[in-house]
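These figures come from a predicted structure and were not determined experimentally.
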Amino acid sequence: MTFAPDLTVGPDLTVIQHDEDVDLDRFAEWLAPARLTVVRAWAGDQLPADPAAVGAGLVVLGGHMNALADDVAPWLPATRALLAACVAAGTPTLGICLGAQLLAVACGGRLQVAAPPGREAGVARIHWRPEAAGDPVLGALVGPARPRSTPLPSMHADAVVGLPPRAAWLGSSDMYPYQAFRIGSAWGVQFHPEASARTLQAWAAQYDDVDAAAVRAEYAAAEPEIAAAGRAIAEGFAAVAAGSVR
């Protein structure tokens, strides 16, 4: 007797949230049917101690602090340690913006706070490198029948300036080179595939160096492409975590 897998039950994923207004946003829907445990680090929730406690995968979201601001966010050392441990254990991991920077630093990469190019705000066109073709998370956006770049939301002033040893470089933008990378079982993306128009607009309003009206217009112009790409990334990562892609 054989049994068909229950496709309505997704993997258990742990999500680390660093700020109240930097949440899963559209990923809450797009990761379904994954079962999500959100650790609200900003509110004092305790982080998992090791990879065995995160379930099938780990998602580390963005935040307004920098990846080295341990005095501002005292949970960051534990987050970096957990990221390094997940890479060592082969646990599927996705770091977004601050999460990508924490991943890079945890694995031996280099970060620059307030990088000289300035804040990358609005919609960045991500140029995919050949290494991204066939990637289980980002590969759906890359191929001979697809554009060589994809518009995706962005809001950051710090940047990875050196990838970790053995990391695969997957994507860049005109402003910052290290927009996407993979190290073993972990992916880092500097952009925000989860961000809705409302969320990106709310972030833009917090910074004096951002033209909020321009951000709104850029998102509106590219919204169908942004949504399709964000969904593809979420679904690709959920499939990796579920064990259907390796």
Side-chain angles (χ1 to χ4, degrees), residues 7-8 10-11 13 15 21-36 57 59-62 92-100 120-156 168-182 186-204 212 214-242 244-246:
L7 300 179
T8 66
L13 302 178
V15 179
D21 66 336
V22 189
D23 58 17
L24 278 166
D25 203 354
R26 294 172 120 182
F27 265 30
E29 172 191 353
W30 291 339
L31 286 171
R35 297 177 294 269
L36 305 174
V59 178
V60 181
L61 298 173
T93 300
L94 177 63
I96 297 173
C97 197
L98 172 63
E120 186 175 53
V123 177
R125 188 158 282 276
I126 307 304
H127 308 292
W128 303 113
R129 294 172 57 83
E131 292 85 350
D135 183 85
V137 173
L138 300 175
L141 308 181
V142 185
R146 294 185 175 276
R148 294 183 179 180
S149 61
T150 305
L152 284 156
S154 182
M155 189 67 65
H156 71 103
W169 183 15
L170 303 178
S172 65
S173 72
D174 292 339
M175 197 167 181
Y176 284 102
Y178 301 123
Q179 288 283 343
F181 63 92
R182 179 182 181 181
W187 286 261
V189 295
Q190 181 61 73
F191 50 85
H192 280 278
E194 85 289 2
S196 63
R198 174 187 287 184
T199 293
L200 193 65
Q201 186 67 25
W203 294 341
V215 168
R216 181 170 57 250
E218 289 175 7
Y219 198 108
E223 201 281 335
E225 292 175 272
I226 290 170
R231 180 184 289 275
I233 291 169
E235 292 177 349
F237 180 72
V240 170
S244 58
V245 179
R246 291 297 183 189

Counting C-beta onward and ignoring hydrogens, is there a side-chain heavy-atom pair between [X] and [Y] closer than 4.5 Å?
X: L36; Y: V59; answer: no
X: V215; Y: L200; answer: yes
X: L98; Y: L61; answer: no
X: V22; Y: W203; answer: yes
X: H192; Y: S154; answer: no
X: Y178; Y: Q190; answer: no
X: E194; Y: C97; answer: no

Qualifying residue, where the test is side-chain hydrogen bond (donor to acceptor under 3.5 Å, both in side chains) with T199 and the options are D25, D23, D21 |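 Result for side-chain hydrogen bond (donor to acceptor under 3.5 Å, both in side chains) with T199: D25.
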Please report the closest heavy-atom contact between [X] and [Y], naming both atoms and the distance.
X: A241; Y: P92; result: CA-CG, 4.0 Å
X: P153; Y: F191; result: O-CB, 3.3 Å
X: S172; Y: Q179; result: C-CG, 3.6 Å
X: A238; Y: P11; result: O-CG, 3.8 Å
X: W30; Y: A234; result: CB-CB, 3.6 Å

Let me see the working for V137 and V240 under side-chain contact (heavy atoms from CB on, under 4.5 Å), right down to the final yes or no.
-> CA-CA 8 Å; V137 173; V240 170; 4.0 Å; yes
To the nearest 0.5 Å, tell me how far L152 CG sits from E225 CD.
->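 Answer rounded to 0.5 Å: 9.5 Å.
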Find the distance between CG (L31) and CZ (R231) and round it off to the nearest 0.5 Å.
->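 Rounded to the nearest 0.5 Å, the CG-CZ separation comes out at 10.5 Å.
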Under 30°, 30 to 60°, or over 60°: which ring-plane class applies to W187 and F237, parallel, tilted or perpendicular?
->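 Perpendicular.
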Residues which pass ring-ring contact (aromatic ring centres under 6.0 Å, His included) with F27, listed by chain and number, not counting sequence neighbours |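 By the ring-ring contact (aromatic ring centres under 6.0 Å, His included) rule, F27 matches no residue at all.
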Extract all donor-acceptor atom pairs below 3.5 Å that involve side chains of residues 126-134 and protein atoms in other chains or at least two apart in sequence.
from: H127; atom 1: NE2; to: D174; atom 2: OD1; distance (Å): 2.8
from: W128; atom 1: NE1; to: T150; atom 2: OG1; distance (Å): 2.8
from: R129; atom 1: NE; to: W169; atom 2: O; distance (Å): 3.3

Examine distances only and state if a side-chain atom of E218 and a backbone atom of V123 form a donor-acceptor pair shorter than 3.5 Å.
->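 Yes.
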